[in-house]
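Here is the structure we will look at.
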Amino acid sequence: RRSSDLYLYRDIDSYNPLPAMEQALKECHYTNSYNWPLQVGLKEDQLFIGLFLSDDEFNRPGVEKAIQYLISKLDQLT
């Protein structure tokens, strides 16, 4: 089964990025049950958050739902 990646990023406080990253890592923990497992990353002053969509989910409604999900997670984390 193939999958596609979706990633969004948001600028964060470059002087103290650790709180945002720590919270993001907590959201990625396997005990959190979401429709999609999250992945996060940090590059300088940007917090990246992403997920994988299966081929079955990779359609307009699925992508829109996934993007809204990522936006809501970024809003919670930043």
Side-chain angles (χ1 to χ4, degrees):
R1 211 173 208 207
R2 295 181 348 183
S3 64
S4 300
D5 305 334
L6 289 177
Y7 289 92
L8 297 178
Y9 73 90
R10 188 165 292 164
D11 292 338
I12 59 172
D13 181 4
S14 62
Y15 294 105
N16 190 15
L18 292 179
M21 189 61 185
E22 182 179 26
Q23 186 62 33
L25 288 171
K26 288 178 185 177
E27 288 294 315
C28 292
H29 196 268
Y30 75 93
T31 57
N32 292 326
S33 58
Y34 301 118
N35 292 341
W36 302 284
L38 294 175
Q39 294 187 333
V40 296
L42 184 65
K43 181 180 178 187
E44 297 173 7
D45 60 347
Q46 295 176 330
L47 176 67
F48 289 80
I49 187 167
L51 54 79
F52 296 105
L53 287 177
S54 68
D55 280 347
D56 296 339
E57 298 171 307
F58 196 78
N59 52 44
R60 184 176 177 170
V63 170
E64 287 176 352
K65 186 176 177 182
I67 289 172
Q68 287 301 316
Y69 176 70
L70 289 175
I71 290 170
S72 72
K73 285 297 171 186
L74 275 174
D75 288 345
Q76 288 177 4
L77 297 172
T78 57

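The figures that follow rest on heavy atoms only: side chains count, while hydrogens, waters and symmetry mates do not.
In this structure, Ala20 and Ile12 approach most closely via the heavy-atom pair CB-CD1, 4.2 Å. Closest approach of Val40 to Ala24, counting heavy atoms only: CG1-CB, 3.7 Å. Taking each heavy atom of Ala66 and Leu51 in turn, the nearest pair found is CB-CD1, 4.0 Å.
Residue Phe48 belongs to a hydrophobic cluster whose other members are Tyr9, with links defined by side-chain heavy atoms closer than 4.5 Å.
Considering CG of Leu8 and CG of Leu70, their distance stands at 5.0 Å, rounded to 0.5 Å. With values rounded to the nearest 0.5 angstrom, Ile67 atom CD1 is found 5.5 Å from Leu6 atom CG. Residue Glu57 holds its CD atom at 12.5 Å from CZ of Phe52, rounded to the nearest 0.5 Å.
Counted within 6.0 Å of CZ on Phe58, heavy atoms from surrounding residues, nucleotides or ligands total 12 or fewer; the atom is thus considered open.
Here salt bridge (Lys or Arg N to Asp or Glu O under 4.0 Å) pairs that include residues 62-78, with residues two or more places apart or in two chains, are Arg10-Asp75, Glu27-Lys73, Arg60-Glu64.
Using a 4.5 Å cut-off between side-chain heavy atoms of Ile, Leu, Val, Met, Phe, Trp and Tyr, with links allowed through other members, Tyr7 and Trp36 fall into different hydrophobic clusters.
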